[in-house]
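A short write-up of the structure that comes next.
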There are 2 protein chains.
Amino acid sequence: MPTPTLRSLALELGLSRTTLSDALRGSPRVKAETVARVLAAAKAAGYERNPLTGAVMSQLRRSRGQQFRGVLAAVEIVTADHTPLAARYNDSLMSGISDRAEALGFKVERFMIGKQDLTLPRLDTILHTRGIQGLILLPAVGFPDFTALNWERYTAVYADYYIDHPRLHCVCSDHYQSMVALLQELHARGYRRPGLFMEIALDERLQYRWEGAFLALQKYLPGITQVPALQFSTLERTEFEAWFRKYNPDVVMGHFPAVMEWMKGCGARIPQTHAFVCLNSLRTTRVDECASMDFQTPILGSRACELVIGQLLHNEFGVPTKPSLTTIPALFTDGPTLRARAPAEPRNKPAVTSGAKTR
Amino acid sequence: MPTPTLRSLALELGLSRTTLSDALRGSPRVKAETVARVLAAAKAAGYERNPLTGAVMSQLRRSRGQQFRGVLAAVEIVTADHTPLAARYNDSLMSGISDRAEALGFKVERFMIGKQDLTLPRLDTILHTRGIQGLILLPAVGFPDFTALNWERYTAVYADYYIDHPRLHCVCSDHYQSMVALLQELHARGYRRPGLFMEIALDERLQYRWEGAFLALQKYLPGITQVPALQFSTLERTEFEAWFRKYNPDVVMGHFPAVMEWMKGCGARIPQTHAFVCLNSLRTTRVDECASMDFQTPILGSRACELVIGQLLHNEFGVPTKPSLTTIPALFTDGPTLRARAPAEPRNKPAVTSGAKTR
DNA sequence: ATCCAAAACCCGGACCGTCCGAATTCATCC
DNA sequence: GGATGAATTCGGACGGTCCGGGTTTTGGAT
């Protein structure tokens with residue numbers, strides 16, 4: 001006797017194949033008692049659901065027909081100290097999210113908690129009534145708390161390093177890897193005294209991934225002269241100049257392109273004697289202002305989108321048992337504030353360490 | 001305009017859906033000239049065959065009920081210096097992979113390059129003839145090269161930090177985050193002189209993520225006395241003892257539980273005066289031998305599996321344009337080699353820095 | 001030229017499990 | 001009693017496959 005099919009089993013039970021299918025997948029459309037009956041009968045008959053077949057069928061059935069498949073929500077907590085940079089970052093993420101969502105047949109709506117009296121509980125009811133189940137949480141200042149939402153209804157991804165309330169899957173740039181790649185590139189160009197300045201609060205949020213990579217590679221790249229990182233809570237000119245004069249780094253890495261003026265004030269000529277790399281291209285004002293690290297936020301957004309949609313298609317809701325972090329390394333973007341890479345032969349001309357002492 | 005289907009395309013061409021289906025699969029039942037016409041039209045209309053859907057349909061149609069399962073390949077490069085630890089690691093990954101694959105309707109077959117004359121080109125033909133398209137590459141010593149495979153046929157994930165040939169999505173433990181979490185835990189238990197010993201080659205492979213996190217947190221955790229990390233290419237007792245005596249770390253972190261004996265030889269009592277944490281629980285011989293970091297390899301495996309299957313279902317083949325890294329932090333596992341966490345009040349009893357000087 | 005069998009080519013039917021909207025049943029409240 | 005709405009079940013349509021059966025073409029013998 002061949003293994004039973006949904007239809008044969010349904011006939012035996014006096015139900016329709018649809019009810020069987022729904023029951024076996026635990027759909028709330030079927031009465032609990034019926035579900036139990038179906039499960040018992042299926043077991044007795046040796047019927048086993050094939051999840052792969054199910055997934056394929058589901059995808060097939062769902063994707064065809066009209067374009068419209070669903071709506072995702074991009075949620076953002078807007079506070080008073082929401083900087084223009086954060087806004088730019090989130091807008092950039094959004095463009096990637098929207099594009100990818102559209103390509104996969106989804107629409108995206110953006111919600112801003114804190115604006116127009118929109119609170120989390122209110123958002124919860126809005127999402128519920130609208131039937132929105134896929135969420136992308138945009139980065140928020142500090143350590144945001146989204147526990148007020150009714151999480152068993154949603155599947156979500158946080159578009160930043162780490163979130164604890166609740167613990168969701170995250171998508172973010174790989175700052176450690178980015179710093180490693182940058183230092184290797186600078187090393188290949190002959191720089192031997194890399195210097196880093198960094199806002200403490202910023203790196204703390206990233207668990208010191210910028211500086212961790214900096215410290216480790218300073219130690220292991222050959223021929224490096226170690227320059228201690230400059231830490232600050234607000235960047236002061238005098239402080240920076242003192243650090244710059246004291247250690248004379250041949251390349252300065254940090255978030256604020258404005259320091260290039262200060263470097264020049266100390267007698268540096270860029271890129272002849274000293275160099276600068278901005279650690280976040282969104283902080284630059286012009287494209288060719290300086291070499292920089294491009295976080296590729298649109299790609300991060302699109303990846304976040306894929307994750308959420310993947311979970312939606314697999315009917316996975318709620319807070320994940322094992323949250324994961326998905327990262328993409330930043331892209332090094334060359335610029336006029338750096339020497340070009342030495343051509344062809346690598347070891348012939350050992351790059352000249354800049355000896356420009358000011359004063 | 002919705003994506004075309006076999007039927008809509010057939011209508012357009014004045015053929016039947018069956019002919020289209022046969023033609024696209026290269027069946028000899030269809031005239032060569034017709035096949036060419038169909039292929040051209042399909043390309044023009046943007047129709048893409050999903051081989052997985054095809055396989056499911058086929059098995060469904062052919063052997064009614066007989067459970068069909070998709071097949072994934074787990075590929076591993078076995079070299080002479082394949083250590084028992086690497087074997088354990090991969091076996092552990094495999095268990096997670098197999099479980100998750102089964103739950104999603106797939107079977108997994110393991111291939112070992114290097115054994116029984118299995119070369120990459122030969123594997124390529126085997127996979128091709130068997131119609132296997134989803135690959136999970138298990139970690140290999142050094143920097144493996146899989147470019148010999150015909151990549152436009154496959155979709156794959158590498159189960160380690162980073163792969164360059166070709167550049168695939170990766171799934172791996174988050175060593176940086178793991179070290180951060182561990183140091184915070186140790187700090188909370190009152191340890192103030194954490195010491196790290198590390199095989200250079202091992203950390204280099206991870207771009208110094210262990211030591212990067214160690215260096216950064218040494219700097220930023222309050223009240224820490226910095227102990228320089230002990231680097232080695234092969235661990236020597238005399239070297240370790242010299243380091244241990246000189247810096248007297250109150251907790252030692254590293255990969256080899258064997259050093260506990262050496263510590264005792266220097267007069268340390270564990271956990272009364274000194275402590276030890278193994279950075280990889282797979283290196284321990286007994287479960288309760290010592291506190292350790294558990295990489296949760298089965299979970300890593302299951303996540304890798306999900307990624308591959310997701311891409312299969314979405315009909316995505318070839319090398320990804322933007323490879324990403326998915327990480328999961330290791331789980332701290334308490335053990336008898338550590339003091340218990342101070343109960344309730346955090347700051348009342350400042351943890352006593354061990355003063356056990358030997359000799 | 002004519003015939004006919006065989007080969008080449010193409011098509012319709014039936015099928016799987018799923019999704020969606022509609023139909024049916026059941027409980028509840030004026 | 002009738003209307004409203006929720007709970008539950010059902011029917012139709014779907015896409016890609018295999019199989020058996022059509023229809024056209026080929027080619028050799030008369």
Side-chain angles (χ1 to χ4, degrees), chain A residues 2-11 13-38 41-42 45 47-70 105 131 133 312-315, chain B residues 2-38 41-42 45-70 104-105 131 313 315:
Chain A
T3 27
T5 71
L6 265 194
R7 281 169 169 81
S8 72
L9 204 62
L11 199 67
L13 277 167
L15 289 168
S16 83
R17 64 188 195 296
T18 308
T19 309
L20 269 274
S21 174
D22 287 345
L24 289 169
R25 272 173 303 136
S27 159
R29 290 170 75 125
V30 185
K31 188 156 57 167
E33 179 198 325
T34 313
V35 170
R37 228 176 79 214
V38 168
Y47 179 87
E48 267 188 52
R49 203 178 95 76
N50 186 330
L52 174 57
T53 309
V56 166
M57 285 299 191
S58 168
Q59 184 184 259
L60 222 51
R61 192 72 197 83
R62 207 185 317 222
S63 61
R64 307 298 176 182
Q66 67 275 43
Q67 294 288 76
F68 176 77
R69 278 202 246 170
Q133 304 185 295
L312 277 181
L313 293 180
H314 286 99
N315 283 323
Chain B
T3 35
T5 70
L6 267 195
R7 283 168 169 78
S8 72
L9 245 181
L11 199 67
E12 210 171 295
L13 277 167
L15 291 168
S16 84
R17 64 189 198 293
T18 308
T19 309
L20 271 272
S21 173
D22 287 345
L24 288 169
R25 272 173 302 137
S27 159
R29 292 170 74 127
V30 185
K31 187 156 55 168
E33 179 198 324
T34 314
V35 170
R37 227 175 80 215
V38 168
Y47 178 88
E48 271 187 47
R49 201 177 100 76
N50 186 328
L52 186 61
T53 307
V56 166
M57 287 298 189
S58 167
Q59 293 297 322
L60 218 50
R61 188 79 196 83
R62 194 186 345 236
S63 53
R64 179 170 46 198
Q66 177 181 319
Q67 292 285 319
F68 168 73
R69 306 188 95 67
L104 296 174
L313 290 176
N315 211 13

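Chain identifiers are assigned alphabetically (A, B, ...) following the order of the sequence lines, protein sequences preceding nucleic acid strands; residue numbering begins at 1 within each chain.
Where A:T34 and B:M57 meet DNA chain D, the nucleotide closest to each residue was compared, and A:T34 sits on the side nearer the 5' end.
Atom NZ of A:K31 is separated from atom P of D:dA7 by 13 Å (rounded to the nearest Å). One can place CG of B:L20 at 14 Å from C1' of C:dC9, the figure rounded to the nearest angstrom. Taking atom CG of A:D22 as the reference point, atom P of C:dG17 lies 13 Å away to the nearest angstrom. One can place CG of B:L24 at 13 Å from P of D:dC18, the figure rounded to the nearest angstrom. Distance, B:R29 CZ to D:dC18 C1': 8 Å, rounded to whole Å. What separates CZ of A:R7 from P of D:dG11 is a distance of 12 Å, to the nearest Å.
Between A:T5 and C:dC15 there is no side-chain N or O to OP1 or OP2 distance below 4.0 Å. Within the structure, a side-chain polar atom (N or O) of B:S21 is placed less than 4.0 Å from OP1 or OP2 of D:dT17. Between A:T18 and D:dC10, a side-chain N or O to OP1/OP2 separation shorter than 4.0 Å is absent. Phosphate contact (OP1/OP2 of D:dG15, side-chain N/O of B:Y47, threshold under 4.0 Å): absent.
Donor-acceptor pairing under 3.5 Å, judged by distance alone, is absent between the side chain of B:R25 and the base of D:dG16.
Of all nucleotides listed (D:dC10, C:dT18, C:dC10), C:dC10 comes nearest to the side chain of B:T19.
Between the side chains of B:R17 and B:S21, no donor N or O sits under 3.5 Å from an acceptor N or O.
Closest heavy-atom contact between A:V30 and A:A23: CG2-N, 3.8 Å.
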